[in-house]
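Chain letters run A, B, ... following the sequence lines, proteins first and then strands; every chain starts at 1.
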2 protein chains.
Amino acid sequence: MGRKRTKSGKIRLAEVAELAGVSPITASRFFRNPEALSVAKRTRVESAANELGYVPNLAARALASQRTEVIGVLIPSLTNNVFSDVLRGIYDAYEGSRYSIQLSNTRYSILQEERLLRLFLAQKPAGLIVTGIDQTTESRAMLEAADCPIVQIMEIGPNPVDMMIGFSHYDAARAAIAHLFAQGHRKIGFIGARMDPRVQRRLDGYVSAMKEADLFEQRLVVTTATPTSVTLGGTLFTDLLGREPGIDAVFCANDDLALGVLFECRRREIAIPEQIAIVGFNDLEFMASAVPTLTSVRTNRYEMGKTAATMLIEAIDGRRPEQPVLDLGFKVIERQSSSSRHQDSRPAASGGGAQNKMVALPSGHD
Amino acid sequence: MGRKRTKSGKIRLAEVAELAGVSPITASRFFRNPEALSVAKRTRVESAANELGYVPNLAARALASQRTEVIGVLIPSLTNNVFSDVLRGIYDAYEGSRYSIQLSNTRYSILQEERLLRLFLAQKPAGLIVTGIDQTTESRAMLEAADCPIVQIMEIGPNPVDMMIGFSHYDAARAAIAHLFAQGHRKIGFIGARMDPRVQRRLDGYVSAMKEADLFEQRLVVTTATPTSVTLGGTLFTDLLGREPGIDAVFCANDDLALGVLFECRRREIAIPEQIAIVGFNDLEFMASAVPTLTSVRTNRYEMGKTAATMLIEAIDGRRPEQPVLDLGFKVIERQSSSSRHQDSRPAASGGGAQNKMVALPSGHD
DNA sequence: GTCGTTGCTGGTAGCGCTGTCAACGATCCT
DNA sequence: AGGATCGTTGACAGCGCTACCAGCAACGAC
């Protein structure tokens, strides 16, 4: 009871209050809701805090207030370029806000995701960002029972838990195939790696487009559960050529694979796009400077992360978006690898909310 | 005072203790040091906790124990492949441990790093991982005053704050140039982007090697503060060719730039390696499957992250490594792009602790 | 002049857990 | 047998902050 000022050299709120000549609770309010103080006390507390170099104890705050200022982020991979762009957007959006990010890696396992979710929710996060729409039943139940805002990112689908931001991988794949059709290609192969739910939906889009044109054959599809890589692109393409030497185009489920195909074609002296056209997915930076330049489906990954984080913060602060489901769309960027005219960077088909407009959830494909 | 059992439906340690028929403090000990309990009580508490689905309140624990189980990680970039590999190693090492990771992005700014450090240290982290050895004086002082283990990663140098794990970028660059000399190259250009301290040291290594051979010329060096990209590799290479058309090799400060150079050469129909040899840095996955395959300096990024995290946890638990500075070394992976013999993947020079052995800090270059 | 009403401030009482120390029986040694 | 030691357990008192509610002055409406 008799303790006073710094007991172990560290500055507590009580010290700040004492220096400012106010009660601790008034000093506390200064940090949470400065407007509630009179201007005189506000400046007194502020200068006292600065003078002492006060930094609040987050653990004490969390314990007393029964909530944390932590945002949980669950992503499947730290390595994949796609997620690093999303993450960058998320971190950028939180810059300067009072929230901090707790990142965890599910390694593409929904069981791992469930385990992490349980851990996160026990600490009462201020909000949660989760990847995709394929949670376990248990995870889904926990998410719905959670009393914090939640954003699902990377794709859109029916029945959002709360908010959702992404685009239709299915439609994007269909647009890529439509582009190849428009260029006169018919025997179009598909190569995919990892085959997580989003890659699977790209495959579904490919299959549906091919079936509609009555061109689908199972042997045009080569996939593997192995994580993606450039080298793997070459391997899968070799496999595809072995099964069906007569293909005239390849749709790659991501750009790493597409680059691998490019190199494999070079190795085999296959002319691109004359003999085989290539279309990738994600439009990573290198696609535009490859030789030949590579067509890809551009996705707005950075914006996705940034917008998700922004929406989440707004929702935490009580300002829920009028439209909780946001389709960020995609755009087929036509380049030399699929253009008979050898032109560069002509935007072709696009879909969803490509102009970053808020749009209603398009009727899902399932 | 009169409260009892779940006040708001949530399970506290007190509930677990009550169900197990022990005092709260005994239940608390079960989670921190199970060996201190008799086997009978241990199993009783364990089953009670499982039955109730107890999850400890981390904020309360942190407040009461005056320490957190959070490891702070400060890295300059989330986008750069190099750091995502390191991060993956760090996250893998923490998997299953009781620590959690708090990641922050300094954006290559040592002032930002200082700000973040202040924030982190105020929360009494269990340990800290920081990138590089170029902190501000203020940051350095804070790190030295911190009462938690600290690992500096990515490079090694004199005067570690505490522990250190990395390799000599200077020596690695010298080895790359030595390799090019051995292949008969003399007019060797350097291209570099971002020019963070580690890239700068690679440049220093290049300069010293060239000067020793009396081959250095300022116009062979093209650098920019712009962040790296494949496209930028082509641009810088174009610039270099403009200044000195007679170059016979390029040492690229990273692999993205090298890939850009490869494409630019293809565009200009410059034969690799006959007309110009290319050497990259980091040995990213795609280097081995490019056409031609690209020589690079392999660095052990994943191991670096994993080992750093492991060392840190050990140190937190009181088992300090006998050798606090660990040189993970590098290896020049010779491939077609710099080999007159057109062979693939012949390891050439290597340096530092390339065999993952603990080695003493080699005498620094500065 | 009285009665709200508003704006600001402070006191009290914990949030859920753990550090410290004391107490206890059991075990060991001389 | 007596004392010392060890292993195990529990009581107490906070950790630093905030939720809640009460108090008080200033003000306006009637």
Give me the ring orientation class for B/Y54 and B/F31: parallel if the planes are under 30° apart, tilted from 30 to 60°, perpendicular past 60°. tilted
Side-chain heavy atoms of B/L312 within contact of B/M163, under 4.5 Å: yes
To the nearest Å, how far apart are B/E15 CD and C/dC15 C1'? 13 Å
Please state how far atom CG in B/L58 lies from atom C1' in D/dG16, giving the value in whole angstrom units. 17 Å
Rounded to whole angstroms, how far apart are CZ on B/R42 and C1' on D/dT9? 14 Å
Please report, rounded to the nearest Å, how far the C1' atom of D/dG14 is from the CG atom of A/L63. 12 Å
Taking for each residue the nucleotide of DNA chain D with the nearest heavy atom, is it B/V39 or B/A64 whose nucleotide lies nearer the 5' end? B/V39
Given D/dG16, C/dG16, D/dT18, the nucleotide with the shortest approach to the side chain of B/A60: C/dG16
Is B/R140 paired with B/E114 through a side-chain N to carboxylate O contact shorter than 4.0 Å? no
Candidate pair A/T26 and A/S23, rule side chain to side chain donor-acceptor pair (under 3.5 Å), full reasoning: CA-CA 5 Å; A/T26 300; A/S23 72; 3.1 Å; yes
In this structure, how many angstroms lie between the C1' atom of D/dT18 and the CG atom of A/L13, rounded? 9 Å
Heavy-atom pair with the smallest gap, counting every atom of B/L143 and B/L128: CD2-CD2, 4.0 Å
Take the C1' atoms of the five end pairs on each side of the helix from C/dG1-D/dC30 to C/dT30-D/dA1, derive the two axes, and give their angle rounded to 10 degrees. 30°
Output yes when at least one side-chain N/O atom of A/Q66 is less than 4.0 Å from OP1 or OP2 of C/dG16, else no. yes
Grab the CZ-C1' distance between A/R61 and D/dT18 for me, whole Å please. 10 Å
Donor on one side chain, acceptor on other, A/R42 and A/S38, under 3.5 Å: no
Let me know the distance between CG of B/N33 and C1' of D/dT9, rounded to the nearest Å. 14 Å
Heavy-atom distance under 4.5 Å between the side chains of B/R198 and B/P76, does that happen here? yes
Close N or O pairs between protein and nucleotides 10-12 of chain D (under 3.5 Å):
from   : atom 1 : to    : atom 2 : distance (Å)
D/dG10 : OP2    : B/S23 : N      : 3.2
D/dG10 : OP2    : B/S23 : OG     : 2.9
D/dG10 : OP2    : B/T26 : OG1    : 2.5
D/dG10 : O5'    : B/S23 : OG     : 3.4
D/dG10 : N7     : B/R29 : NH2    : 2.8

Donor-acceptor contact below 3.5 Å, side chain A/T307 vs main chain A/M304: no
Tightest non-hydrogen contact, residues B/F120 and B/V73, listed as CE2-N, 3.7 Å
Whole-Å gap separating C1' (C/dC15) and NZ (A/K124): 11 Å
Per atom distances to the A/R67 side chain, the nearest of C/dG19, D/dA19, C/dG14 is D/dA19
Should B/D85 and B/K306 count as an ion pair when the cut-off is N to O under 4.0 Å? no
Report yes if at least one side-chain N or O of B/Y54 is closer than 4.0 Å to OP1 or OP2 of C/dC17; otherwise report no. yes
Select base, sugar-phosphate, or nothing to describe what A/A59 touches, counting heavy atoms under 4.0 Å on all strands. nothing
Phosphate contact (C/dT9 OP1 or OP2) by A/S38 side-chain N/O below 4.0 Å: yes
